[in-house]
Chemist: 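Provided herewith is a single structure, encoded as structure tokens, for subsequent inquiry.
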Amino acid sequence: MQVPNLEVWFQRPTDIVRKLCSGDLDLGIVGYDIISEYAQGNDDLVIIHDALDFGHCRLSLAVPKEGIFDSINTLEDLLNMPQWTEERPMRVVTGFGYVGAKFLKEKGFKHVSFLAGDGALESYPAMGMADAIVDLVSSGTTLRENNLKEIDGGIILESQATLVASKKSLNRREGVLEISHEMLERLEAHLTASGKIMVTANMRGNSAEEVAERVLSQTSLCGLQGPTISPVYCTLDGKVAVDYYAINVVVPQKSLYKSIQQLRSIGGSGVLVSKLTYIFDEETPRWRKLLSELGM
Ligand SMILES: Nc1ncnc2c1ncn2[C@@H]1O[C@H](COP(=O)(O)OP(=O)(O)OP(=O)(O)O)[C@@H](O)[C@H]1O
Ligand SMILES: O=P(O)(O)OC[C@H]1O[C@H](OP(=O)(O)OP(=O)(O)O)[C@H](O)[C@@H]1O
Ligand SMILES: [Mg+2]
């Protein structure tokens with residue numbers, strides 16, 4: 001473990017929120033969907049990082065593609081269907097009863113009944129047990145396989161993994177604030193580095209400035225703050241001389257090949273490419289934001 005005094009437990013998403021609320025966990029990594037549903041109105045929880053860039057999905061309303069829903073393509077269409085009455089409300093199955101109900105109420109749905117379910121909700125409409133579902137969608141494969149469709153305006157929330165904490169722990173438990181700070185810094189630095197690579201190459205030149213001019217003339221070689229150019233020393237006739245310059249530049253992974261082509265076009269050779277693990281920038285605004293939410 002690279003962070004001392006940190007113990008890691010894998011728990012079910014709902015239990016993470018529950019244990020944060022009860023004070024049994026100090027920090028949690030959990031989807032925003034779960035926080036929205038299960039941390040209802042609990043102001044002890046605070047989101048330290050809201051976009052860890054994994055577990056991307058959306059909570060969405062879906063209905064069967066055919067039958068009475070054949071021409072239903074928007075939330076408005078669904079709302080105006082004559083089928084839903086007090087005696088026969090639209091039956092929605094979901095594991096997200098709180099945010100699901102709140103959403104439909106805000107959109108003006110009156111005749112709705114909710115049914116709770118944990119898994120394979122996509123099968124409920126075909127089994128005749130529900131009219132619509134509110135569930136997580138990522139690739140959309142599960143919906144397609146079950147002959148269901150999303151409708152315009154039916155996205156309830158977008159979710160991805162977040163780092164959350166209990167304010168009580170941050171304020172009162174020794175070391176929790178410091179560890180949270182370190183984790184936040186490492187996560188941000190790692191996210192900043194993801195998708196970026198370091199390209200190193202050698203280039204013949206008369207001076208660092210002259211090499212820099214050539215490098216900066218290329219759009220894909222500008223780097224984070226500009227290229228780093230340093231002399232490569234060799235011995236020539238028994239004397240130390242500089243014939244080559246090494247250039248170091250950080251570029252987006254997706255411009256890898258373009259960068260190589262541009263480097264070659266200005267005389268670069270011996271190109272090395274390495275992955276970056278962390279890029280530590282200035283103190284992240286998320287830290288300031290957290291301190292202010294804690295009243296510090
Ligand atoms: N298809 C998906 N693609 C990406 N992220 C998803 C997907 N489905 C769920 N998630 C995210 O992952 C979290 C965990 O999903 P899920 O509830 O299916 O977990 P699980 O580990 O299977 O737990 P459980 O055993 O309680 O079902 C969700 O809260 C959501 O944030
Ligand atoms: O749009 P897709 O990429 O098909 O993903 C969506 C599916 O993934 C989740 O289920 P999961 O596989 O976690 O099973 P579960 O519902 O039984 O937990 C979610 O509940 C959907 O069923
Ligand atoms: Mg699951």
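Quick caveat: nothing in here was measured; it's all calculated off a predicted structure. Remember, it's 1-based here, ligands and their atoms both numbered in the order they're listed.
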Chemist: Go through ligand 2 atom by atom and flag the ones less than 4.0 Å from a non-hydrogen atom of Ser139.
Modeler: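 Result: 1 (O), 2 (P), 3 (O), 4 (O).
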Chemist: Which is closest to atom 5 (O) of ligand 2 in terms of heavy atoms, Cys57, Ser138, Ala120?
Modeler: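 When every heavy atom of Cys57, Ser138, Ala120 is considered, Ser138 comes closest to atom 5 (O) of ligand 2.
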Chemist: Residue-level breakdown please: for Thr141 versus ligand 2, do any non-hydrogen atoms fall below 4.0 Å on the side chain, on the backbone, on both, or on neither?
Modeler: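 Near ligand 2, Thr141 shows its backbone as well as its side chain.
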Chemist: I need the atoms of ligand 2 closer than 4.0 Å to a non-hydrogen atom of Val137, numbered in the order shown.
Modeler: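 Matching atoms, with element in brackets: 1 (O).
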Chemist: Applying a strict under-4.5 Å side-chain criterion to I, L, V, M, F, W and Y, I'd like to know whether Val30 and Leu25 cluster together.
Modeler: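 Val30 and Leu25: one cluster.
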Chemist: Could you pull out the closest heavy-atom pair between Val271 and Ala201, with the gap in Å?
Modeler: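 Closest approach of Val271 to Ala201: CG2-CB, 4.0 Å.
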Chemist: For the residue pair Tyr278 and His190, categorise the inter-ring angle as parallel (less than 30°), tilted (30 to 60°) or perpendicular (more than 60°).
Modeler: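 Geometry flag for His190 against Tyr278: perpendicular rings.
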Chemist: In ligand 2, which numbered atoms sit nearer than 4.0 Å to a non-hydrogen atom of Asp135?
Modeler: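 Listed by number with element, the hits are 19 (C), 20 (O), 21 (C), 22 (O).
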Chemist: Would you say Gln83 and His111 are linked by a side-chain donor-acceptor pair, where the criterion is simply a distance under 3.5 Å?
Modeler: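 Judged by distance alone, the side chains do not pair up.
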Chemist: Would you say Glu122 has any N or O atom under 3.5 Å from an N or O of ligand 2, going by distance alone?
Modeler: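 Yes.
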Chemist: Do we see a donor-acceptor contact under 3.5 Å between the side chains of Asp77 and Thr74?
Modeler: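 Their side chains do contain a donor-acceptor pair, which is all the 3.5 Å distance test asks for.
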Chemist: Suppose I only count heavy atoms of Pro13 and a 4.0 Å limit; which atoms of ligand 1 are within that range?
Modeler: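 Reading through ligand 1 atom by atom, the close ones are 14 (C), 23 (O).
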Chemist: Out of Cys57, Ser159, Gly95, Ser36, indicate the one that has the non-hydrogen atom closest to atom 6 (C) of ligand 1.
Modeler: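 It is Cys57 whose heavy atom sits nearest to atom 6 (C) of ligand 1.
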Chemist: Would you check if the side chain of Asn42 reaches a backbone N or O of Asp44 as a donor-acceptor pair within less than 3.5 Å?
Modeler: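 Between the backbone of Asp44 and the side chain of Asn42 there is a qualifying donor-acceptor contact (under 3.5 Å).
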Chemist: Counting only heavy atoms, which portion of His56 has something under 4.0 Å from ligand 1: side chain, backbone, both, or neither?
Modeler: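 The part of His56 near ligand 1 is the backbone, not the side chain.
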Chemist: Please identify each residue that fulfils salt bridge (Lys or Arg N to Asp or Glu O under 4.0 Å) with Asp243, with sequence neighbours left out.
Modeler: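 Listed in chain order: Arg204.
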Chemist: If you measure every N or O of Leu136 against every N or O of ligand 2, does any of those distances drop under 3.5 Å?
Modeler: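 Leu136 vs ligand 2: no N/O contact under 3.5 Å.
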Chemist: Under 4.0 Å from a heavy atom of Leu136: give me the atoms of ligand 1 that qualify, with their elements.
Modeler: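 Reading through ligand 1 atom by atom, the close ones are 9 (C), 28 (C), 30 (C).
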Chemist: Would you call Lys167-Asp43 a salt bridge at under 4.0 Å N-O?
Modeler: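 No, this pair does not count.
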Chemist: Using every non-hydrogen atom in the two residues, find where Asn171 and Met296 come nearest and quote the distance to one decimal.
Modeler: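 Minimum heavy-atom separation between Asn171 and Met296: OD1-CE, 3.3 Å.
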Chemist: Of the non-hydrogen atoms in Tyr32 and Glu158, which two are nearest, and what is the gap between them?
Modeler: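 Minimum heavy-atom contact is CD2-O, 3.7 Å.
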Chemist: Could you tell me which atoms of ligand 2, counted from 1 in the order shown, lie closer than 4.0 angstrom to a heavy atom of Thr142?
Modeler: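 Ligand 2 atoms under the 4.0 Å threshold to Thr142: 2 (P), 4 (O), 5 (O), 6 (C), 7 (C), 22 (O).
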Chemist: Out of Gly95, Gly119, Gly140, who gets a non-hydrogen atom closest to atom 16 (O) of ligand 2?
Modeler: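 Among Gly95, Gly119, Gly140, the closest heavy atom to atom 16 (O) of ligand 2 belongs to Gly119.
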Chemist: What atoms of ligand 1 come closer than 4.0 angstrom to any heavy atom of Ile34?
Modeler: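 It comes down to these atoms of ligand 1: 29 (O).
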Chemist: Going by the atom numbers of ligand 1, which of them fall below 4.0 Å from some non-hydrogen atom of Gly31?
Modeler: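 The atoms of ligand 1 under 4.0 Å from a heavy atom of Gly31 are 31 (O).
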Chemist: Out of Thr141, Asp33, Leu59, who gets a non-hydrogen atom closest to atom 30 (C) of ligand 1?
Modeler: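 Nearest option to atom 30 (C) of ligand 1, by heavy atoms: Asp33.
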